[in-house]
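Below is one structure, written out as C-alpha cells; the observations come after it.
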Amino acid sequence: MEKDFFEMVYQVVRLIPQGRVTSYGAIAKYLGSAKSSRIVGYAMNGSHQQKILVPAQRVVNRNGLLTGKIHFATPNTMQELLEQEGVKIKNDKVVDFEELFWDPSEELKL
DNA sequence: GTAATGACCTTGG
DNA sequence: ACCAAGGCCATTA
C-alpha cells in the first residue's frame, strides 16, 4: 500500500492550523526525507481517497503558489477554501506566505 | 522487469 | 538575476 509515508503526510496536513499554510518540502523534511517533497505532493494526489478530508489547500509549494489547485474539484476550490479560512490569495499565491507559513519541524518539533 | 511521470526542491551555468 | 538540469521516492504503464 501507500504505507506510512502517506499516512504521516495526511497526519501532518491535518495538524496544520486553520489560516496557516505549509510547503511540501517542510512536510517531507519533517518526515525525514527532505528530498521526498514530490512524494508529499503525490500523497496529496490521493488525499481525496482518504476517509478523512485532508486540507490539502493548506499545502502549497515553496513559492507559496497554489500549484495543486488544478487537482481539486475545480481550479478555484483551493483558493476558495483558503480564503474561507482567512488566507488571502493573489494570483494563485498565498499573501504573506512567510508569515502564514507553518513549519511542522518548528511547531511540532520532536 | 524496466521506463516514464509527478500538487517539488536544490544546485549549476 | 534568469534559465536549465539533476535528484529523490512512490505509483503507474
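A note on names: the letters A, B, ... follow the listed sequences, proteins ahead of strands, and every chain is numbered from 1.
- Here the closest heavy-atom approach between residue A:A26 and residue A:P104 is recorded as O-CG, 3.9 Å.
- Proximity of a side-chain donor or acceptor of A:R58 to a complementary backbone N or O of A:R20 within less than 3.5 Å is not detected.
- Side-chain atoms of A:T22 come within 3.5 Å of backbone atoms of A:W102 as a donor-acceptor pair (strictly under, hydrogens ignored).
- Rounded to an integer number of Å, the gap from OH of A:Y24 to P of C:dG7 is 24 Å.
- Remark: P of C:dG7 and NZ of A:K35 are 11 Å apart, rounded to the nearest angstrom.
- The base of B:dC8 lies close enough to the side chain of A:S37 for a donor and an acceptor atom to sit less than 3.5 Å apart.
- Residue-level contact check: A:A43 touches neither bases nor backbone, having no heavy atom under 4.0 Å from any strand.
- No hydrogens or angles were tested; on distance alone, nothing pairs the side chain of A:Y42 with the base of C:dA10 as donor and acceptor under 3.5 Å.
- As rounded to whole Å, 14 Å separates atom C1' of B:dC9 from atom CG of A:L65.
- In terms of modelled atom types and a separation under 3.5 Å, the side chain of A:N61 and the main chain of A:G64 share a donor-acceptor contact.
- For A:K29 and B:dC8, the NZ to P distance is 19 Å, given to the nearest whole Å.
- Regarding A:L31, its CG atom lies at a distance of 17 Å from the P atom of B:dC8, rounded to whole Å.
- Between the CE atom of A:M44 and the P atom of B:dT5 there is a distance of 24 Å, rounded to whole Å.
- We find that CG of A:N45 is positioned 13 Å from C1' of B:dC8, with the value rounded to whole Å.
- Of the possible donor and acceptor atoms, one in the side chain of A:Y10 sits under 3.5 Å from a partner among the backbone N and O of A:A43.
- For A:R62 and B:dT10, the shortest distance from a side-chain N or O to OP1 or OP2 is below 4.0 Å.
- A distance of about 14 Å separates the P atoms of B:dA4 and C:dG6, rounded to the whole Å.
- For A:R38, the side-chain atoms get nearest to B:dG6 when compared with the rest of B:dA7, B:dG6, B:dC9.
- Between A:T67 and B:dC8 there is a side-chain polar atom (N or O) within less than 4.0 angstrom of OP1 or OP2.
- Residue contacts for A:N61: at a heavy-atom cut-off of 4.0 Å it reaches the sugar-phosphate backbone alone, with no base atom in range.
- Going from atom NE2 of A:H71 over to atom C1' of B:dC8 covers 12 Å, rounded to whole Å.
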